[in-house]
Participant: 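Next up is a structure, given as structure tokens.
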Amino acid sequence: MDIKSQISRIVRHALLRLHPSVDGLGDPRITFPRKKAHGDYAAVCFPLAAKVGQRPNEFTEALARELESEEFFLEVTPAGGFLNFRIKPSAICRMAVEAVLAEGSQYGSSKRHASECVMVEYSSPNTNKPLHVGHVRNNLLGMSLCHLLEAVGYRVAPTCLVNDRGIHICKSMVAYGRFAKGQTPATTGEKGDHLVGRLYVEFEMAVRKEFRTWATGPGQEDLDAWVSEHRAELDIAVASARRKAEETGRKPPAVEDVKIGRFYDAKGQEFFASKSGLGEEARDLLRRWEAGDPEVVELWKTMNGWVYEGFDETYKLLGSRFEKVYYESETYLLGNSVVDEGLEKGIFYRKPDGSVWIDFDDPKLGSKLLRRSDGTSVYITQDLGTAIEKFRGFDLDLSVYVVGAEQIYHFQVLFEILRRLGYPWAKDGLYHMAYGMVYLPEGKMKSREGTVVDADDLIAELTARAREKSLSGDLRVAREEIDKTAHQIAMGSLKFFLLSVTPSRDMNFNPAEPISLQGDTGPSVQYAIARINSILEKAGALVEKPADLGSLDRPEEVELAKLLLDFPRSVEKAAHHRNPALICQALLALKDAFSKFHHNVRVLAGKGEPVDGRPELASARIALCQATREVLIKGLALLGIEAPARM
RNA sequence: GCGCCUGUAGCUCAGUAGGAUAGAGCAACGGACUUCUAAUCCGUAGGCCGUAGGUUCGAAUCCUACCAGGCGUGCCA
């Protein structure tokens, strides 16, 4: 039992003695006091005092007297509605070190959800473009969530749903035929996903050009009409483009370009669907693919193959791992029978044009299309099939989707449909872990326009910087280890950076300001581990000597111990709230406490020499260091971060 | 229009299920390496917690309205 629970239990017994007749008084919340001078732990008593009908100070004074004789506390002080506790410093240190070293790498884990199985779907890329920082955030959240859920006992199945079919990949295929005949990753030296992504961008550019030709020719009337209708909006757009150009010192765009650009934003999709020759080509490829045209399928396979090779490389860098991969080309038909089933049950209905719909009771959900009038399936249809498939293939208690917040509505609808269809697990076995966007200073990233921060580039740049920094000082790392170490540090900085923001929030990322290696960062946590390793190496035989844990009573040691004791709570909470950022916070607090300890408290007088000539004290401090290292490594592992032995 | 999310230091973010005098890091300024690695430590400065009301002994946190930004919103995924 952790220390806060112990305190809570002792207080509960005292309360039962003091107020035996009050039912459901509850426990006071045990926290760290805001100021260390107040004590080691504090109980917040305002709500309980109110229930008993006493003034807060009256209540806590009586409670303090009742707890006076408790041996567990050194001191119990009432302070208004707070009750502050002081505990013998060496006792805290002893508890912490013994608890951590007894459990080792299992410290912080629990069996709370043992015998439960959860599937976590994450990453889920489209095969028409390489991964960017937004995808990286997704991958890291997914992996970290897997680790957190495992830590509280779940059996976890990480999965990925690859969107390998549809109009987007057909666009790249059209571009391949038109602009890149004969090119392969081998001939261009490009990574496969980058090659296909480049073709996708080229296709989009070509459509824009096609649109421009139309808008300044046969579509001129439409353009003029639209422009006069959106006069005010356009004036603002032109003005803001000018302002932006002035700020950045670039040439302002021509008014004509802004007009056509806006017109494209508004009508581009419509144009693509009805007037674009390129659009017709792409749709034709999609039709031929669905009909199984061998030539099209062959090209599709080849290009997807290039993309997978590229993804595999990036996944390897990130450490992404999947137990099961679903491909939409295999699952996209699964939903159709579900739609038929819903029609039979009368949950869905058919409109005269043949399209299939569902109306929801909740007006916020409105109604939703489930099958197009031409009989083809839509996005949500295949998701219905895949959701059911997951529960068929695995004995799941929970199915998690790590997907961006822009799809909150989509998942509300998906889950509600599955509930209406009567699947028992749909009641509380589905969870959408929605996370926020990663914004660049200039706004949202757009793959189509090529304004993205590429994952591979970012990793490469960080690795180069970590390597340079390693080489710049005393080289602690063995030469042959430097590549691995630089990679670990680079990934430590990237992962920690992206995971330290609360998942549900949007976050900003400025590529011009590189991710820091100093301050509240992953590398600073890794560094603390490297320093501990260094001490342990130099300690030699002292590591094995008997330790007198009772001699640990310095404030720096107690602070460290308190945080070690609090770590399991952080894990529990992070798993419960599905929020890895809570682990980041716990690690930073721990790293801070260790740095202060390390700065002010010596372990060794020299190599193998105990401080103050006291081996039992040195060994105790060594044990505290070992416990700290254990927890730091565990915490980083929960984030999917490795710690290099030396830095 | 409607719905959901977000407004905390110059920047990036915390703020522990309503609790004590709102905290870090970066950037700025000033200190600390003959010392277990300076990816560290110590200090200074920086805040009408978007605005206005309300609930409460107590509000950054809960409620209402407004302002600003983002996302979504019937045949895209």
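A, B, ... follow the sequence lines: proteins, then strands. Residue 1 opens every chain.
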Participant: So, does A/Ser504 get its side chain near the phosphate of B/C5, meaning an N or O under 4.0 Å from OP1 or OP2?
Facilitator: no

Participant: Taking atom types as modelled, is there a side-chain donor on A/Tyr326 or A/Gln382 under 3.5 Å from an acceptor on the other?
Facilitator: no

Participant: Over all strands shown, is A/Phe82 touching base, sugar-phosphate only, or nothing at heavy-atom distances under 4.0 angstrom?
Facilitator: base

Participant: If the plane angle is over 60° it's perpendicular, under 30° parallel, otherwise tilted; pick one for A/Phe46 and A/Phe82.
Facilitator: perpendicular

Participant: Base of B/A20, side chain of A/Asn84 - is there a donor-acceptor contact under 3.5 Å?
Facilitator: yes

Participant: Pick the P atom in B/U16 and in B/U55, then give their distance to the nearest Å.
Facilitator: 24 Å

Participant: Begin from the C-alpha positions of A/Asp359 and A/Tyr349 and carry the test side chain to side chain contact (heavy atoms under 4.5 Å, CB included) through to its verdict.
Facilitator: CA-CA 9 Å; A/Asp359 292 344; A/Tyr349 65 94; 3.0 Å; yes

Participant: Tell me, which of residues 347-362 of chain A have any heavy atom that sits under 4.0 Å from an atom in RNA chain B?
Facilitator: A/Asp353, A/Trp357

Participant: Which value, in whole Å, describes the distance between the C1' atoms of nucleotides B/U6 and B/A60?
Facilitator: 14 Å

Participant: Looking only at atom C1', what distance separates B/A14 and B/A24, rounded to whole Å?
Facilitator: 7 Å

Participant: Just by distance, do the side chain of A/His577 and the backbone of A/Ala574 share a donor-acceptor pair under 3.5 Å?
Facilitator: no

Participant: Tell me whether the ring of A/His598 lies stacked over the B/U40 base, given a 5.5 Å limit on centroids and a 30° limit on the plane angle.
Facilitator: no

Participant: Taking atom P of B/A14 as reference, at what distance in whole Å does atom CG of A/Leu582 sit?
Facilitator: 10 Å

Participant: With a 4.0 Å cut-off on heavy atoms, is A/Ala434 in touch with a base, just the backbone sugar-phosphate, or nothing at all?
Facilitator: nothing

Participant: Strictly below 4.0 Å, N to O, side chains only: are A/Glu557 and A/Lys562 in salt-bridge contact?
Facilitator: no

Participant: Is the backbone N or O of A/Arg602 less than 3.5 Å from a side-chain atom of A/Arg621, with the two atoms forming a donor-acceptor pair by type?
Facilitator: yes

Participant: Looking at B/A20 and A/His38: do their rings stack (centroid distance under 5.5 Å, interplanar angle under 30°)?
Facilitator: yes

Participant: Looking at A/Lys607, A/Arg476, A/Arg646, A/Arg531, which one forms a salt bridge (Lys or Arg N to Asp or Glu O under 4.0 Å) with A/Glu537?
Facilitator: A/Arg646

Participant: B/G74 and B/G3: how far apart are their C1' atoms, nearest whole angstrom?
Facilitator: 15 Å

Participant: Between A/Asn163 and B/A77, is there a side-chain N or O to OP1/OP2 distance below 4.0 Å?
Facilitator: no

Participant: Any side-chain N or O of A/Arg531 under 4.0 Å from OP1/OP2 of B/A39?
Facilitator: no

Participant: Suppose we call a contact any N or O donor and acceptor under 3.5 Å apart; does that hold for the side chain of A/Ser470 and the base of B/A39?
Facilitator: yes

Participant: Judged by modelled atom types alone, do A/Thr77 and A/Asn84 share a side-chain donor-acceptor pair under 3.5 Å?
Facilitator: no

Participant: Suppose you measure atom P in B/A39 against the same atom in B/C26; what distance do you get, rounded to whole Å?
Facilitator: 13 Å

Participant: Out of B/C71, B/A14, B/A77, which nucleotide sits closest to the side chain of A/Thr502?
Facilitator: B/A14

Participant: Report yes if at least one side-chain N or O of A/Lys573 is closer than 4.0 Å to OP1 or OP2 of B/U16; otherwise report no.
Facilitator: no

Participant: If we call it a pair only when both distances are under 3.5 Å in a Watson-Crick or G-U wobble match, what pairs with B/A20?
Facilitator: none

Participant: Whether the A/Asn126 and A/Asn163 side chains hold a donor-acceptor pair (N or O, under 3.5 Å, no angle test) is what I'd like checked.
Facilitator: yes

Participant: Any idea if B/C66 is syn or anti, going by the 90°-from-0 cut?
Facilitator: anti

Participant: Among B/C4, B/U37, B/A39, which nucleotide has an atom closest to any side-chain atom of A/Arg646?
Facilitator: B/U37

Participant: Would A/Tyr439 pass as stacked on B/G70, i.e. its ring centre under 5.5 Å from the base's six-membered ring centre and planes under 30° apart?
Facilitator: no

Participant: Rounding to an integer number of Å, can you tell me how far A/Ile529 CD1 sits from B/A39 P?
Facilitator: 16 Å

Participant: Which nucleotide sits closest to the side chain of A/Arg505: B/C13, B/C41, B/G25?
Facilitator: B/C13

Participant: Suppose you measure atom P in B/A65 against the same atom in B/G1; what distance do you get, rounded to whole Å?
Facilitator: 15 Å

Participant: Watson-Crick or G-U wobble partner for B/U37, using a 3.5 Å limit on both distances?
Facilitator: none

Participant: Given that both distances must come in under 3.5 Å, which nucleotide forms a Watson-Crick or G-U wobble pair with B/G10?
Facilitator: B/C26

Participant: By nearest atom, which of the nucleotides B/C36, B/C76, B/U40 is closest to the A/Gln269 side chain?
Facilitator: B/C76

Participant: Contact class for A/Ile489 (heavy atom, under 4.0 Å): base, sugar-phosphate, or nothing?
Facilitator: base

